[in-house]
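Below: the structure, in structure tokens.
Below, all heavy atoms of this structure are taken into account, side chains as well, without hydrogens, waters or symmetry copies. Here is the naming used below: chain letters follow the sequence lines, and residue numbers restart at 1 for every chain. In this text, all values refer to a predicted model and were calculated from it rather than measured experimentally.
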Amino acid sequence: MPNAPHWGWFIILYFFIGGLAAGLYFIGTLALLGGDPRDRPVTRFCYLAAFPLVLACVFLLTVDLGKPLRFWHMLIQSERIPLPMLKYWAPMSLGSWALAIFAIFSGAAFLGALVDSGRLTNDRAVRLVQWGRARPRPLGLALSVVGMFFALFFGGYTGVLLVGTNVPLWHNARLLGAVFLLSAASTAYALLILVLRRRDDRESSVSLRKLEAADRWIIMLELLTIVVMLITLGRFARPLITGGWGVLFWLGVIGIGMLFPLLLPYLRSGAFTRRPALGATCVLAGGLLLRFVVIMAPQWPYIALWKL
Amino acid sequence: MAKGFYTDTTACIGCKACQVACHQWNNLPAEEGGARSLTGDSYDNTGRLSALNWRHVKFIEQFPDDRQQDGFLKGSRWLMMSDVCKHCVQAPCLEVCPTGAIIRTEFDSVFIQQDVCNGCRACVSACPFGVVDTGPDGKAHKCTLCYDRLQHGQEPACAQACPTDSIRFGDVDELMTYADQRVANLRAQGIDAYVYGKEDILGGLNSFYVLVDKPSVYGLPENPQMASANVGEGFALSTIAAAAVAVTGIAAFRKHRMDEMAAEPASDQADA
Amino acid sequence: MGSNFAECHPVGFRWVMKAKDRGARIIHVDPRFTRTSAVADLHVAIRSGSDIAFLGGLVNYIIENEAWFKEYVVAYTNAATIIDEDFKDTEDLAGVFSGLDSETRKYETGSWAYAGTRRTVEQRALTKGANEPQTKEGQPGIDLRLTPPRTDPTMQHPRCVFQILKRHYSRYTPEMVSQICGCSREQFLAAARALVENSGRERTSAFAYAVGWTQHTVGVQYIRTAGIVQALLGNIGRPGGGIMALRGHATIQGSTDIATLYNLLPGYLPAPSGQLREHDTLDGYLAREMPTTGWWANGRKYTVSFLKAWYGDAATADNEWGYQLLPKSVGDHSHMPMFTAMHEGVIKGFMALGQNPAVGGQNAVYQRAGLAKLDWLVVRDIFLTETAEFWHAPDVRSPNEIKTEVFFLPAATVPEMDGSFTNTQRLVQWHERGVMPQEDCRSDIWFTHQLAKRLRQLYGAPIAAAPGGAGGPPRRGNNADSAAAPNQIIAPPTDPFLSLTWNFEEDEHGEARAVSILKEINGYTVADGVPVKSFADLKDDGSTISGAWIYTGVYPQEGVNRAAARVGDDWVSQGWGFAWPANRHILYNRASADPAGRPWSERKKYVWWDEAQKKWVGFDVPDFPVTKPPNARGVWSKGGVDAHDGDAPFIMKPDGKAWLFAPSGLTDGPLPTHYEPWEGPVDNALYPQRKNPVAKTFNVVGNKYIDPGNPDFPIVISTYRLTEHHLTGVMSRWVPWLAELQPELFVEISPELARERGIENASWVTVSTPRGAIECKALVTRRMRPFDIHGRTVHQVGMPWHWGYRGIVTGEVVNSLSALIADPNVSIHESKAFMCQVDPGRRAIAIRQRLTDAPTPLPHVGRRERQAAEAQIDAGIELALRAESVEQILYAPLDQPDGVYHA
Ligand SMILES: Nc1nc2c(c(=O)[nH]1)N[C@H]1C(S)=C(S)[C@@H](COP(=O)(O)OP(=O)(O)OC[C@H]3O[C@@H](n4cnc5c(=O)[nH]c(N)nc54)[C@H](O)[C@@H]3O)O[C@H]1N2
Ligand SMILES: Nc1nc2c(c(=O)[nH]1)N[C@H]1C(S)=C(S)[C@@H](COP(=O)(O)OP(=O)(O)OC[C@H]3O[C@@H](n4cnc5c(=O)[nH]c(N)nc54)[C@H](O)[C@@H]3O)O[C@H]1N2
Ligand code: SF4
Ligand code: SF4
Ligand code: SF4
Ligand code: SF4
Ligand code: SF4
Ligand SMILES: [Mo]
């Protein structure tokens, strides 16, 4: 049994925010490619939000290191500068690269969104964006698909990173990557839903319906995957589904985070209908809680809850 | 030439000289300045391997329920085992280290380069034996197989200190033949001893043990795996999930369009 | 038995494990299942204090089953010797021997003598009533000057040793053993069989013991019993046999050899006693102490050479070689009596050099109270020990009422000095200085040497030329002051102090060269100072000197130090260190050959007679006159070893035989007899006499003993060591790496007792005896077990005693529980078996108040005063520590009263 790696709140938040960023970028691009013009605001918001979140990720990841100033050792062989440091079989190594590359994509998209939304008028930037856009459609398509790929990878690798340890619960949870990926999507949808609910103009209400539909499917998928995961885990799941952590998991993650939002529409009680944002909020909370329990449970009691 | 330890737990008298020698040679401070409290766990008061404890002697009391003199004396055992980094031939910690801080030395030992480690703790979660841990300095630490001593042709401090030669240092395959003989002897005496750390375990442990009970009794994993064992599947399954996300997403947007087109007039009326 | 070999002698245990590898069986007889038991083939749990029953059981088993080594026993032991007709055994006198004087609680040992060798009435008259100090084994009591002992080779004579022995142990049956010891009959028999099967011509067995055996009111007799077993089995003087005394403390063997004991002079020459009129003259002393037959007939040579070593030119034929200059003991000056003497105000000053009695002394509260009654106390140590700071003890309630002036002198550690260790197997091993001592720390040699020099000055000797280095003339001209100190008498030449020679070579640091001390111990010729090669060369005409005859040969010639030799091999290792006497590794090794001088067996061949060379040869230095043939006939009138036959291996004994029955030398009986500990749980199942009738007791306030069946203290307690700590803990509790391994004081309790008392593992408990009560954690473990003692369940607990109130980790002093009580032969305490009570929770204060006669602690004052006083003390320590030089501290009282702390 390994010692506790002491992955605390920094990592939990990193996983959560990273998921959001990935999800947003993905959905944004999806809306761009698959949606209709009325979905543009969605895309724009996604792009505007994703990049800052990615920056937050970089920050969290760095401060979590025992030696933050050596963050670059993850990418460059510190003894053979500038040879790259990459272990394709090690999720953390891959992840670092994924984060780096995804940062570029989301950064570019961010810039574009700024310009489009007229928030950025500095003509150098504008010209840069135009130059960037001035390319054959298929290539653009390809690029955005690549971007989406990295987004998805980034959203899912965090789970696989845990699978790539020897902590029994994580090591054997082969579906953890999938679960985190789905959760990334569902939380991203939820966030968008919350945002769009704010301004209820016609466009957004249209997109809203799409998003809500997608979110429901994803949540159902996620629920399914979790169940399968728990079954395949067998006794290894114990730290997660029993004791205090079990309560948090069943009540918080499954109950409030998934079942409740799914059932919400069928609940006729005014208390709920008066708060339309409630479902999405729960999904977000559930997503955060999911990462919290999954990361903390097996490290308990060697790690303090408040430990960052 | 692979160097390592053959630890014969049946020759261990739990004197902890190895533990102290390691502290002293590597100048590791005692946790809490030495002022710990009694654990009540037999004679073990230092608990586990950590960034400050690179050796740790375990005490396992096995006494039958039959407390009649003869019963008490028959089959009564007090097992002792000096735990340490196994310097795995296929080392999970080395496998996952994203900075390349963990390397394999010319002695085939697993060594953490302190000037490279950035304290990401991947190795901590990867070592199936709970050996590595990060210290107050934020970096990962563990037994170095006394790399500094080996480079000067000396044997590790712990092995040198062991009064009963329970810990023996040398060429791994030579040690392995000793161990096999020892096991044979013990089996001849009716003790079912065996070597823990042959090829079946992570390609072999350069620090291996002669045990007389199940690995789990000594707090050792029955069959430890490489950390990345399931990573492939993990990614594969994630890809499926990714596909699902994509499909549902596209579907959501596309389908909705269809519906709308179908419902166009209706909606117009609605507008009117 | 009686030792936790693996835990207390881990490095020595290396060889036990090697032997085990080669197929040796290890049997561990110990109340607890220890780390030694863990690697033993058989562990037999017996109640503390019951070993003589167990060993006596072995004797009985061996005799009953005709398992004794006939040829060996007949030829080499005193089995056939006939004992005085007045002798009465414990079987006849309900558990005591003939000669007991119940007033003085002493034996008049005459009736134990060999028939016809009893000392004359006049001789005895000389010692009547004297508080007879213990004397060298063998003497006095028998006098073989006139006739050899009468024997009956058929061993049928009712008063021959064998018959007496047989009768004495006839009731020590396996059933009895199991009743008294609490081990099962089967366990006992298993051990007995294993031992017997592994003894004889082809095989030998060894006993290893330490203080598990000695620390009893019958400690010496424990070992005697083992001696009888081994002699019967022919396991003495043969490879792989013997009784191994695992010597404990650093060079503890050395300090008995070179005599730190009050009743011995170096080389086991008895110290003259003021109470023995025979000791008034050298001749009287020799006549009484040195038998005329056997090796000790050389006693005069050794004594004279020793006196020459001490008094040099002042020792001449006309002044009995300075014999009269020797201080004479006036009673029992062993450790515990010293502390009662402090209480009585007889002893006013005390030097603790490398000792920590505040923790290690029995009834520690009483002993600390003793320290508090002193005028001055000097502590030389490498740490500020509990003794150096005894006023910090929890039971001392007002330090500022303690008038004792305490001087702390920092000592150097072993790696900082040259010197030697003599430990187990009498092996002298040299160690060289690795680094110079820090700051004011000085080695004990430096201290003793400088102290001697300064004292000589104070006694008015001419001021020695000032040596250089740290030992040089102290700053502030203290030397002058001290030389011109008050009451300056120019001593007469016969002054006992100034007559002492003090001519050691001094090195640049003012330290006497250890080698030059070794040379004096080894001995050299007075004429030209050439080292003597062997004690055979020592003379009684004053032409040779030797500090301790047994060490002669360790420094055979100038510049050759055999203690420093380091050539080992996997057999006798003659080239490793020096085993006194004469680098002889196994004593009495002539017994490894049969009477005809042939090895008992090829397998156990060690020393034998080589007919061709006409001498004894072998792997070890023969312990026998080298050219004396096996068939030689002794001529009694010649005396010395010439009185012995060629088949009498035990040359130190007047009769050359191993003593199954000890006609003299012991104060509590010629044959070991099972007595319960002074504080025992039960009556003696074998005799009406429960405990050792002549044990040394201390009827002082605060030292109450209790009888069996006392409901307040029903549990047997034993105290012992852990590998992780050293003795009073000063050398381990101050070291974080060691401290963390066993950080807290604990009491080991069986689950059964824990359940009875409602005690949780690792929870607080209170352990109490009539002397005190202390709090500690409980370690509930199945390694401890209750014993079934004739039908009754007797619980036993155990406590390591390494904790005190100073250091990184602290704990209560276990010796607050133990009692002042001693074995009558060697004055060792009984800390291995006494009675206690164990209660859950922290209740020491409450219980202490309930104790009727507890040691009187010092008067009470409020916390503030106490703190004030401690502050003052600590300031004192500061000052002492800040002093620029040892001299400043040494002389501070002369010119700077506050320079040294006193409360
Ligand atoms: N690590 C370490 N080593 C040491 C020391 C130390 O403090 N620490 N001290 C050194 C010194 S000074 C000495 S004297 C030696 C002492 O060496 P040992 O005598 O081996 O040490 P102890 O632990 O005092 O006692 C040994 C055993 O006697 C058992 N015992 C108690 N009562 C009885 C009894 O009635 N009969 C029998 N058969 N056994 C009994 C105890 O359970 C204990 O296990 O160790 C030396 N070595
Ligand atoms: N209850 C109970 N009491 C016991 C025992 C027991 O088994 N049970 N065992 C008894 C036995 S066997 C023994 S030997 C005694 C031991 O009792 P002590 O001898 O009083 O205890 P130690 O801790 O050995 O004290 C030795 C001191 O010498 C110091 N020292 C070390 N090296 C040097 C040096 O080079 N020079 C000087 N000046 N000092 C030095 C150490 O720091 C330490 O303070 O305890 C006895 N007391
Ligand atoms: S035991 Fe753990 S730390 Fe040591 S090499 Fe193997 S995996 Fe790495
Ligand atoms: S903590 Fe250091 S050694 Fe461990 S994996 Fe990270 S970088 Fe490598
Ligand atoms: S080999 Fe060196 S570092 Fe490793 S445990 Fe032994 S002493 Fe410590
Ligand atoms: S030094 Fe040897 S005997 Fe002592 S605890 Fe370590 S391994 Fe066991
Ligand atoms: S403490 Fe010293 S004497 Fe005792 S076993 Fe260890 S090394 Fe030997
Ligand atoms: Mo001792």
Separation between SG (B:Cys15) and CG (C:Leu722), nearest 0.5 Å, reads 13.0 Å
The reported gap from CZ in B:Arg182 to CG in C:Asp21 (rounded to nearest 0.5 angstrom) is 5.0 Å
For chain C, find its close neighbours in [range]: heavy-atom separation under 4.5 Å, sorted by number, or none.
range	value
residues 31-53 of chain B	B:Glu31, B:Gly33, B:Gly34, B:Ala35, B:Arg36, B:Ser37, B:Leu38, B:Thr39, B:Gly40, B:Ser42, B:Tyr43, B:Asn45, B:Thr46, B:Asn53
residues 77-84 of chain B	B:Trp78, B:Met80
residues 134-153 of chain B	none

Heavy-atom cut-off 4.5 Å, strictly under: side chain, backbone, both or neither for [X] against chain B?
X	result
C:Leu745	neither
C:Glu724	side chain
C:Thr36	neither
C:Ile808	both

Is it the case that the side chain of C:Arg14 and the backbone of B:Thr164 share a donor-acceptor pair, with hydrogens and angles ignored and the cut-off at 3.5 Å?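 No, the answer is negative, given that no donor and acceptor are paired below the 3.5 Å cut-off.
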Please check this pair: side chain of C:Trp737 against backbone of B:Cys22, looking for a donor-acceptor N/O pair closer than 3.5 Å. no
Of all heavy-atom pairs linking C:Val39 and B:Thr10, the shortest is CG1-O, 4.0 Å
Suppose we screen for salt bridge (charged side-chain N to carboxylate O under 4.0 Å, His left out). Which residues come up paired with C:Glu752, at least two apart in sequence or across chains?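 For C:Glu752, the residues satisfying salt bridge (charged side-chain N to carboxylate O under 4.0 Å, His left out) (neighbours in sequence not counted) are B:Arg67.
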Given a strict heavy-atom distance threshold of 4.5 Å, which part of B:Gln189 is in contact with chain C: side chain, backbone, both, or neither?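 Answer is neither: B:Gln189 stays 4.5 Å or more from chain C.
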